[in-house]
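Everything below concerns the one structure shown next.
Chain letters run A, B, ... following the sequence lines, proteins first, then strands; residues in each count from 1.
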Amino acid sequence: MATRKRSGSGSKRHLKEKVVQIYESFFRGEDLTSDNPTFWDEFFLLKPKIPQLEAEIHKLTVEQLNNLKDNINLLVVQCIDMLGQEHHIRLVYALQTFSAILTTMYQRAGQDPSINIKFILLGTDNANSKMQKLLEHCSTVLAGDVPDSLKSMVIKLLLIIAIGIDNIDENPLVEYLMLHSLFEPLMQLLCTSTERQQHGYDVVMLLMFLVNYKKQESANPYVVKLSILDDELALNGYGQVITAALNDFVMSTFGGMQASGGGWLSSLTSMVGGIFLTSDETQPVVRGQRNMGGEEGMLLALYEASHLNRNFMTTLAHSSSAAASSAPPSPPATLPPHQTPPNLAQIQALDNEQPTNLLVTFFQYCSIVMADTRTESSINKCSLCFITLTCIVEEQFANSIMHDQNLTFKVQLYRLPMRHRKIVPEEPPSQPLASTLIDLLVEFMMCHLLKKFPGELYELCVGVLLRLLSYQKRCRVRLSRDWRPLWAALIALLKFLVTNESTLLRRHNIFTMAQQVVNIFNLFITFGDTFLPTPASYDQLYYELIRMHQVFDNLFYMALRYSTGDGEFKAEALRLANCLVNVRAIIQHFSPKIEVWLASQSLSTPTEDQILEVVRKNYDSLILKLQEGLEAYERYTERAHRPLLARLVRAASGAARLRADAAALRDHSAALLHHYTTIAERS
Amino acid sequence: MLENVPIHGSRSDIKSKPPTHQRNLSLDFRHLTSPSSGPPPGCGHQRNRSLDSVLQRIPEDMTPTSPEGAPLRHDAPGPRLALPPEVPAGSDDSGIHTPPDGNDEERPQPPAAARSRESLDSGNPEDSDKPPDPPDTADEPPVKTMCVSDTSKKKDFLLRLFESKLFDMSMAISYLFNSKEPGVQTYLANKLFSFPGEDVDFYLPQLATMYIEMGDVADVLRPYLVYRCKQSAEFSLQLAWLLTAFCGDAKKSRATKLRDSILAEEIRPAARRGHHRSQSDASALRLATPSGRHLGDLASGRAFDNGCLCGEQCSCGAPRLAPQIQFLTALTNIGRRLAGVADKERRNGRLRAELATLDLNLPARVWLPLHQKPHYVLRIPPHAAAVLNSKDKAPYIMYVEVLETEGHEPLPPRLLPPAPPAPHSPPIRHTKSEENLVPEWPALSLYSALEDSDAGDCWSHEDEELSTQYPAKLPAPDSLSQVSAMSVMSAVSGVSALSTSSCGSRESVAVGAGEVRRRLADATAEPPPNTFRRDPQDPSALALKESWESKLARMRSSSPYGALAGWRLLGCIVKVGDDLRQEMLAAQLLRRLQAVWELERVPLRLRPYEILCLDRECGLIQPVLNSVSLHQIKKQSGKSLRAWLELEHGPPTSEGFLRAQNNFVESAAAYALTSYLLQLKDRHNGNILLDSTGHIIHIDFGFIFSISPKNLGFESSPFKLTSEFVDVMDGESSDMFAYFKILFLRGLLAARKHCDQIIHLVDVMRMGGQLPCLRSSSAVSAFRARFHPGRTEPQLRTLVDRLVRDALHSLSTRLYDNYQYYTNGIL
């Protein structure tokens, strides 16, 4: 009906599709409805041309946008109205049109912060009731018995809203999602296995974003509801989606393994957990490649659940067997487009063979992420892993599961090949998960004593260790493991701190960290009887302390040096010196005794056994100071990590938007449109 | 005098009543026209008809104790009141156990018939007030012509036997099996209605076998079976499973038809009048919650929910058996999948994962068929389950929490397990409030004991608070002040620590390093030698060693349902890939033997366990509580049996040991005798258990009668008696060993006395050749011969001596143990 062309489009003389003509006249501000009462019914029967629609909106200036407010309002209201339609064609077209408008408007708003998106889309009157209507329709579709693709479109629409603006707190439309919570229908989608497979990833993503909306300021219903959720099925569904996504990451990182793996692959398929051994000829593609991986969102979702919901801990250790429960395959969007999909057969074999549980997968994931602390984003991910671990090890239930002697797993952790060690693929021992966690921490501590020392990560790491040991001491759990690697790692950390004191002090308070580490030794020394597995391990502790006495001596002198001066670290340094008292007592007690013994035997290089013998004989004359509160820690609070979380949420929403742009609109839209129209035609 | 009363007297009396019972009349008609076809659904009264036909066929030898039949009807209201104890005085004589000749016509007596009808009616409250059916005079049974009156004398005996108190289910089975006479079969089938359900259930395998193999018996049994199926879902399934297990291959037989109609839920209680309203209510409700379609979908969380919401009396038409079938299918599927997993440790992990998935669908109205009392399954804690030792199959044991209920109580909702109790509250310093300014990093001085103790108190207090109302985001005002007070104090103490010397002169607590190490040594000292270690290759050892009491207490406390009054913990072994039918027969025989010995007061101890065959290759087994196998004992402790008993029960002179030794001897003798009678083979130490009170318990009756593992010809000894056993009995010359032999002899004598009721169990099962152990033509006769019916007691005594000697000095026993050690690593 509108035949006049804009000057810019004059070159395209060929016939324009009707819908495009409508777009054009519509965004010129023309009133199309007054002479045609059934205009909207007809309009939504026309197949929307998303690129043209977007182009039309992009053409408008801010001023024009504001002037066209009434028309856009009208379009939005009509879109929302159509969502209540029984007629599937109109419903689908309205969803597509609305999604396109939202996407474009958010893009405009991103480019020009002066655009008031809420004002343009919803107007000033009844904004709330319009959004309420929209969300009611969404809720009906999500809970209703409608084709999966329709639900998927609705979830995508909601995601567009949630990730519209980098900082979700500034997103004016999310407010309405808080007022009219969709938590229950979304959770319901996680409960049923088929729907979880279809929508699980998007639903968890969406929930994660919504939970992060102004979580500290106002009562966010998603935070409240997620924290009290006790529907095991829903929690399990939530966990399974995360497990699948993290597992995909683990698998895809080592997807190329199969080709070179060859012979030992068959033996690996039966290995618990995952397969990502590395050998010399196959360098893993870890470092730096996955900065924008989609699993960040999942990691945040895992963090939120572990942090908020105590019941989630039961899910963490709930081993699910894929054969029986059909874990959801995470959507292809999890993988960056350029990456080949993981070897499905391998995953399948693994899934069918072995039950996985979220903790196992998470530990494996951590081992990969923690191998890389070079970039800002990988450090962020690494921190998130550590604070999630902190939340987990503070939970009694999670701890009791991780320390269950009857619940052992063979978890293959990723180990970085380094100059000084060669990684040989070997079957990991079957051990309680707490032991695996300690292995993970040891691995981290040993691998990042670099010039660019990630001090915050080390603090978190030592904090996790302290919480774990605190549980063991309180509950008198004895992990039957070799503790020496841990002691060696802690001593290596101390040594690193001492040798790099001057450079590190500029960025980190190395005294508090050293004190933490020494206090862990104090825990072993004075309370080792409550959680060490054998008396021999106590002897070994002394042996290590005596063997590495140089490190402790140097640490002590350093502490003294700083405590005598008037520097800013005076108090901390003094405290550090104080808490070294037991270690120093041990060294000073045994060293002369050993020397005397050596002299008496006229030996110069004693064996370990000989030293241990001397140690055993001389325990009784050594008095240790019993220090209280060694295992005390401050319960995790989110406050300190808020900037980090905000950064991660922003990154995740950016990644999600990129994915949505790349995948949904360009590649899939044709296929999807076809799909939806066929649905529509059938109905 | 009994003969004087004509049957027609009572019949006419009955006839005078108004013929209200039309349904039965029409049934009679159906029965007449098509005797082989089943009764239409909703009918349980075909038996009345056949009783009447029996009545009609016996014109002369009537023994109605009450001529009118009316007094008997007073008993009607109470179910099962009209049982043998109520038999009138006239028929109290003990019966003569003469099996009927093929030609003989045994005629049951009308009063018995009338009575059994009464009891039937009473069992079915719907009909209890109604007068019995008027006999259909037009209904002339075709067999009537065969009626011969000259055997009346003998018939009378038989009838009196059937009437007598002593006539029990065992005899009924025997006569049902042996008699070819339709009248007798019909009478006996009707008689079944008057036996308590449990008695009949014991012989269900036999009944099922007869139903499959004997066409004529099947016809008469069918009404009873259908009647019971309608009454109980449990019975329906038991029968269906037995029919599945014993049915021959795939032919469309009568038995498979019956089974299919049970499983298709065609046989179900008739919908009752007056329930239409509730039905519509239920269907309305069901619209709200989608029902039924989740059945079997373990991921749905409602895999065992048939969507029935009607409560007490289901009238909504929801499948009655499907949830239970799905439940057991899920259990056996797990076993099937486990068999494909290579090593035991991984199997165990897999098992737990599978059970966790299954557990998500509980609580549900499903039950464990091994447990007699009505109950529902609440929860299957996955971590309590374990894979059992088996090389290529994957049997597993699981512990199931159930709720015993009387009626149709509502199921509790699914609950999450409570957090494990913390031994000490974690020493956490809260910085809960956003405003509080406690430094993130060590805020606590380590050197001030006073401050710590104070702070420690308030923390522990706070912790309780925290655990009860989690997540507690808002700090209570006082906790806020505590925290800030703390930070102040730590600052103060920091200063004081500064002011004091670095050696920390203020600390009051010290400990010797030697002390720490000693405590560690004490705490980690070798556990008592009779505890088991965790062995990844033998995951079940620990699960089985734990005493039932402690397991019960532990599981109850860790279960979210533990507080419910009807909470019970049941063990269950799920076996897939093994034929349990012989196992089931053996369990029956064990029960009979045990009953006989109890009756004859012989202190022999058997421990039969429940077996449920689901089909030919899988089933459930009730685990023997508080017991571990001799293999596990040897492997874990490395000690001899006697040494182990001493460890567990004390030195040889202690009361504990003597009691255990006595138990050991009594059970060893019982199983020795049983092994001998049943020719029990494959007796390696993995198949012999020792319970916590010293009883020997044999399990795995896969090789009995004529077969042995791979028929290698090992184990030629009469039973397994190793020198180790004798050692426990204080040696060959001891009193205990003599006691062992005496018990053996007394047990044999007692068993011989009642051997008929033991042998015929086996005899029936031989039909159809389903059990490999009975395939040999001589299996039953050899079994009978082992009771040595011809020998005198002194002869038996000699025999026992010889048997024991042979067993003890058998080379083959040792050979077999060695063979098992080398092939399967069983000690």
Structural part of [X] lying under 4.5 Å from a heavy atom of chain B:
X        : result
A:Asn582 : neither
A:Arg616 : side chain
A:Ile525 : backbone

B:Leu520/A:Arg478 under side chain to side chain contact (heavy atoms under 4.5 Å, CB included): CA gap, chis, key distance, verdict:
CA-CA 11 Å; B:Leu520 175 60; A:Arg478 297 174 199 279; 3.3 Å; yes
Hey, could you give me the [atom1]/[atom2] distance between [X] and [Y], rounded to the nearest 0.5 Å?
X        : Y        : atom1 : atom2 : result
A:Tyr538 : B:Thr524 : OH    : OG1   : 12.5 Å
B:Glu515 : A:Leu626 : CD    : CG    : 10.5 Å
B:Asn361 : A:Leu233 : CG    : CG    : 7.5 Å

Shortest non-hydrogen contact from [X] to [Y]?
X        : Y        : answer
B:Ala513 : A:Tyr542 : CB-OH, 3.4 Å
B:Ala521 : A:Pro535 : CA-CG, 3.6 Å
A:Asp529 : B:Val516 : CB-O, 3.4 Å
B:Ala510 : A:Ile623 : CB-CG2, 3.7 Å
A:Ala536 : B:Arg517 : N-NH2, 4.4 Å

Max heavy-atom pair count under 4.5 Å with chain B, selected residue of A:Asn509, A:Thr534, A:Leu235, A:Asp231
A:Thr534
Heavy atoms only, distances under 4.5 angstrom: which of A:Asn618, A:Ile586, A:Asp539, A:Asn399 has the most pairs with chain B? Name it, please.
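Heavy-atom pairs under 4.5 Å are most numerous for A:Asp539.
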